[in-house]
Structures are given as structure tokens and as C-alpha cells.
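Basis for what follows: all heavy atoms, side chains included, without hydrogens, waters or symmetry-related copies.
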Amino acid sequence: MKNCSKYKRQYFLPPVKCMKWAEKDYVDKAPIWCSVDLRDGNQALVIPMNLEQKVEFFKLLVEIGFKEIEVGFPAASETEYTFLRKLIEEELIPDDVTIQVLTQAREHIIRKTFEAVKGAKNVIVHVYNSTSLAQREQVFRKSKEEILKIAVEGAALLKELTEEAGADYRFEYSPESFTGTEPEYALEVCNAVLDVWQPTADRKAIINLPVTVQHSMPHVYASQVEYMCENLKYRENVVVSLHPHNDRGCGVADSEMGLLAGADRIEGTLFGNGERTGNVDIVTLALNMYSQGVEPNLDFTDMSSICEKYESFTGMKINERSPYSGALVFAAFSGSHQDAIAKGMHWLEEKKPEHWTVPYLPIDPQDIGRNYDADVIRINSQSGKGGVGYILETKYGLNLPPKMREAMGYTAKAVSDHTQKELLPEEIFELFKKTFENVMTPLSLNGVHFQQVNGGITTQVTSIFNGKEITTEAEGNGRLNAVSNALKKAYGFQYDLVTYQEHALEQSSSSKAIAYVGIRKPDGTLSWGAGVDPDIIRASIDALVTAINNR
């Protein structure tokens, strides 16, 4: 690309080295979660949600387990104001849920916001003003001192109006565009705000450090967060919150590293909806923790329902590859991946280990309401024996011999390649039956009779081959061997019977049995057949006939 010199780094490193976060390897506890779907997420929609949709979305967020929910910018529009009043007046806010409202640090907007929250039990009033160098110079054209004064006056008005209302609202301050602000100046502004609020242990203040626009790699943000965490006044009474956007695609990484750096709280949205490239995806962030054995304190056990409701409310579509939530994120089409997953699942059943370690699956899909048959092993032209065999075994109870799995895998692969589509489990089962089960043409049997003679078996077989019936007698060391010898004698077939395997299909008195037979032809290749019948001898004979017909 040309002219990259027109760009420069727009972030500022802390004045001292802040790298303690790098000594940690994972987030060991869930943060305080605050959903901003109803404000930041709604603001980002082409067609914002209507009142009914917002109410239903609020209920969904409560069901998932959010205890802090930013419900809007009530001074920004009549819909926002009406929604908040509906929540309060119809008592839709549970006692253990705190609503959060956003306001600029401007007097008339703050006063309108306080009108909107009147009567609410638990409220966070979130005030902000922009502090970045670019905004100071280009938008507001104000000095550092003037910008700091805006923040302090806004903080003071929040405190004054709260006291007038006789309420104990909690306060939050955001130095908007924090990532484009000199860390020393951001710290000065935040500490000045805290000096106004004088937070206490039973009424903590929130200092939110938004990645309004991502300018740097995540480790830079982590250093900025660590600098703030270590230098804020009243730190024991301050909740440090993060609000990462995703301009560089690093929203989750910024959040995880910011938590390692000492942050206590995350503001984000389900599935990362938000302005431009979005906010941090709370689903991904929470389930990343879950995959490391950390309880996220949010309930995503019915992911499909959550996805369906979200798409209905917002008109947005969840990408098929969106981590954890996408329709295809657990799907394995590759033959080698399917084989590894199938073996991993068998290993779990056999060893019953304490922890989940199945290859290619970072979490158990069933933990979020997905199932193995529909979501994990998916069959197309890229698939192989492992996946096909796994579906036939787990869904239909067919435990094919290894080499027969391979043959069935190639059969399914060829059909998918020809039709250029994915094969569903029921289509795979029908293909197996059509190709390998009780195939009675061009050879079929009309009658088989056995007699024990001198420790061996003699059989009389009446068969039809290409329309011609013939009866043949032969001996063998077992019933299947005797029938095989009779057919070889009748038609001159050349093969060796190399594999025989059987098992019950159902565990009951009326269960059917399935038998698998593999024969090796003179050229060394294998041919396979399966027979299904309540009588295992009949099933094995049908399997042999099918294998011969499949030569």
C-alpha cells in the first residue's frame, strides 16, 4: 500500500515502566460485568430497537446474570427516556440489579438524566468528557486546565443532585478517548474527580478507562491500565472499569490484559455489537475464562436461544465463525480433525478424566447447549472415516470395523463431492444402508440349511445369481465359512474372508444384531458388507452376500 507515512502512533506510554501484568498467565476470577447493549449496542444499530424490544432485551440480560446494565442515555432521545421510566414505573428492575445511565458532563443533560432515574432503587450515574490530545486540539480547542474543569464541575453536579434527591446513587467517570490521552493527564483528571466524590468502602466510585478508539497493541493498553490502577487516589474504594472497542480487532485481548493489569470491571456487549467495529464481545471474554476453569458468573448454557433472541431484537446476524456462539465454531469438516475428536470422545468415555481435553474443542459444546451430532462432526467432501464412523456409532449404534469405516468415509466423501453439499446424519445413515446393508443383487439366497458332520458344518445353499438359481453343498469350519465355500464352489468367486464382527443394535429381548464382513479380492482390495437381522447367523450371511455384491 502507498503513503503509509501519513499515519503515526497516537497513543502515549506511561512515564514509568508498567509490566507487572505480564507476570500473570490467565485471568483468575470474573470481573464485575456491565452490559452496554441497550445503550452502546443500540446506538450502533441502523434501526435502533423499539420500546418493546428494549424491554425484552433487558429481561434477557437479567436472565443471563448481569447485575449492572447500562440502560441508555435518557437525555438523548424520547425513546431512551420512556424506556427508562417504563423499567422504573412498572418495577421491571430486580432488586439485585443496578441500572446505569450515561450523561455528558454538561449541566442540562445531567439534570435531565436525574429526572429520568427518579424512583429507581440502584443507580450508577455515568458522566464523561473527552480528554484526548486530538479532541482537546481539534474538537473543543481547550487547554488541559479547561478540560479538567469540565470533568470536575460535572462530578460536583452529580454529587449535588444526588444529595438533593436524598439518594445514594453511585458515580462513574470516564475520560473519553483515554487511549489517546497522556496517562499522566488522565490520572490528574480522574484523581480530581475522585477528590470531589470522596469514595468510601460502602459507596465506591467507578473510574472507567475506555478504549474509545484502539490506537495500540494490547500490551500498551495493559501498561496504561496498570499505571492508573497503581496511582489512582482512594484505590481501595475505586472500581477500575474497562470499556474496550474493537477497531484493531483486539477488544478481547485489551480486556484480558487490562484485567491482568488490575482492572475490576468490564463494560461490553453480547457478541461485540457496538459502534464501528464494535465493543468487546462479552460472550467470548466470559467463555474464554470458562475454558480456563474460571466461573464467569454469566449463564450461556442455552446459547442457541440467546443468539436467536439477540438477532430478533437487533436485526444483526451473528457470524458463523464468531467464537463460541457461531453456528460453525464447533464444526469439524476436516477428516483428520474429525478423527481426533472422535478418538478424544472415546478416550473421555474410557478414562473419565477430571478435565476436558478433547482435541480441537476448547470447551464441551454441550455446556452451552450445543450437541455433538448437529454441531461438531459435520460431513462434506473434506471429511473422512473418523467423522462418518463417529456419527454412525453415536447416533445409530453402528460400530464399524476400522477398515470399513474407511470405505464408508470414502463413499460419503464421493457423494458430498458429487452433490457439492454437506451430508446430514440421516443422509449418511441412508447411504450406509443403501451401500453396505443387506444388498441382495445380483446375488441373493433363497435357502440355507446346516448340518453338523464329523465336528464340522455342512450346508446346502440355494442361491440366485443374475437370475439363475442353483443349489450347492459345501463344508466349513463354521456356518459362515461353509456358506462362503458353497458360493465359491457354485460361481467360482475368488476372495478371502478376512474380517468378521458383530454386535447387538438394541439391548432388549427383541433386539436385532448387525454383522460386518470384509473379504479380500485377488487384487488385495477389500469389499465390505453388513447384515441386520434378529438372527445373528442370518445377519452374518447377509453381510457376506453384500460384501460379494460389492466386489
Side-chain angles (χ1 to χ4, degrees), residues 26-27 29-45 49 54 57-72 97-100 102 124 126 172 206 208-211 214 218 221 239-247 249-260 263-292 294-311 313-314 316-319 321-326 329 362-363 367-369:
Y26 74 104
V27 178
K29 66 176 181 178
I32 300 166
W33 300 106
C34 178
S35 162
V36 296
D37 289 271
L38 297 172
R39 197 276 300 174
D40 222 352
N42 185 54
Q43 179 177 291
L45 300 176
M49 288 179 277
K54 292 192 76 170
F57 203 154
F58 179 82
K59 292 177 180 178
L60 173 63
L61 295 170
V62 171
E63 288 175 11
I64 290 171
F66 287 97
K67 300 303 180 184
E68 296 183 3
I69 301 172
E70 189 168 83
V71 293
V97 172
T98 299
I99 59 167
Q100 179 170 302
L102 185 67
I124 296 170
H126 179 187
E172 175 176 350
I206 301 169
N208 188 51
L209 305 176
V211 186
Q214 282 183 333
Y221 180 58
V239 175
V240 175
S241 177
L242 310 179
H243 183 113
H245 282 253
N246 201 41
D247 302 87
C250 301
V252 170
D254 279 346
S255 300
E256 291 179 330
M257 290 189 179
L259 289 171
L260 292 179
D264 311 295
R265 181 177 184 265
I266 293 289
E267 294 187 350
T269 59
L270 298 182
F271 313 112
N273 181 35
E275 292 182 292
R276 305 183 308 279
T277 54
N279 291 53
V280 63
D281 180 349
I282 284 183
V283 173
T284 299
L285 189 57
L287 290 176
N288 279 355
M289 295 177 191
Y290 182 73
S291 72
Q292 300 291 307
V294 176
E295 171 55 57
N297 298 326
L298 294 175
D299 185 357
F300 295 114
T301 53
D302 192 359
M303 184 64 74
S304 295
S305 175
I306 293 171
C307 291
E308 182 181 345
K309 290 177 181 178
Y310 169 84
E311 292 184 339
F313 300 151
T314 66
M316 301 284 285
K317 293 296 181 184
I318 297 169
N319 188 282
R321 300 296 180 189
S322 183
Y324 303 107
S325 57
V329 294
I363 67 170
D367 287 350
I368 57 171

What distance do [X] atom [atom1] and [Y] atom [atom2] have between them, rounded to the nearest 0.5 Å?
{"X": "Arg276", "Y": "Asp247", "atom1": "CZ", "atom2": "CG", "value": "4.0 Å"}
{"X": "Leu38", "Y": "Met49", "atom1": "CG", "atom2": "CE", "value": "5.0 Å"}
{"X": "Ile266", "Y": "Glu256", "atom1": "CD1", "atom2": "CD", "value": "9.0 Å"}
{"X": "Ser325", "Y": "Phe271", "atom1": "OG", "atom2": "CZ", "value": "5.0 Å"}

Qualifying residue for side chain to side chain contact (heavy atoms under 4.5 Å, CB included) with Phe66, from Val97, Leu61, Leu60
Leu61
Got [X] and [Y] here, is their nearest side-chain heavy-atom distance under 4.5 Å?
{"X": "Tyr324", "Y": "Asp281", "value": "no"}
{"X": "Leu298", "Y": "Tyr290", "value": "no"}
{"X": "Leu287", "Y": "Asp367", "value": "no"}

Side-chain donor-acceptor pair present, Ser241, Asn208, cut-off under 3.5 Å
yes
Are there more than 12 heavy atoms of other residues, nucleotides or ligands under 6.0 Å from atom CD of Glu308?
no
Closest approach of Gly41 to Leu45 (non-hydrogen atoms, all atoms of both residues):
O-CG, 3.4 Å
Salt bridge check, Arg265 against Glu172: does any charged N sit closer than 4.0 Å to a carboxylate O?
yes
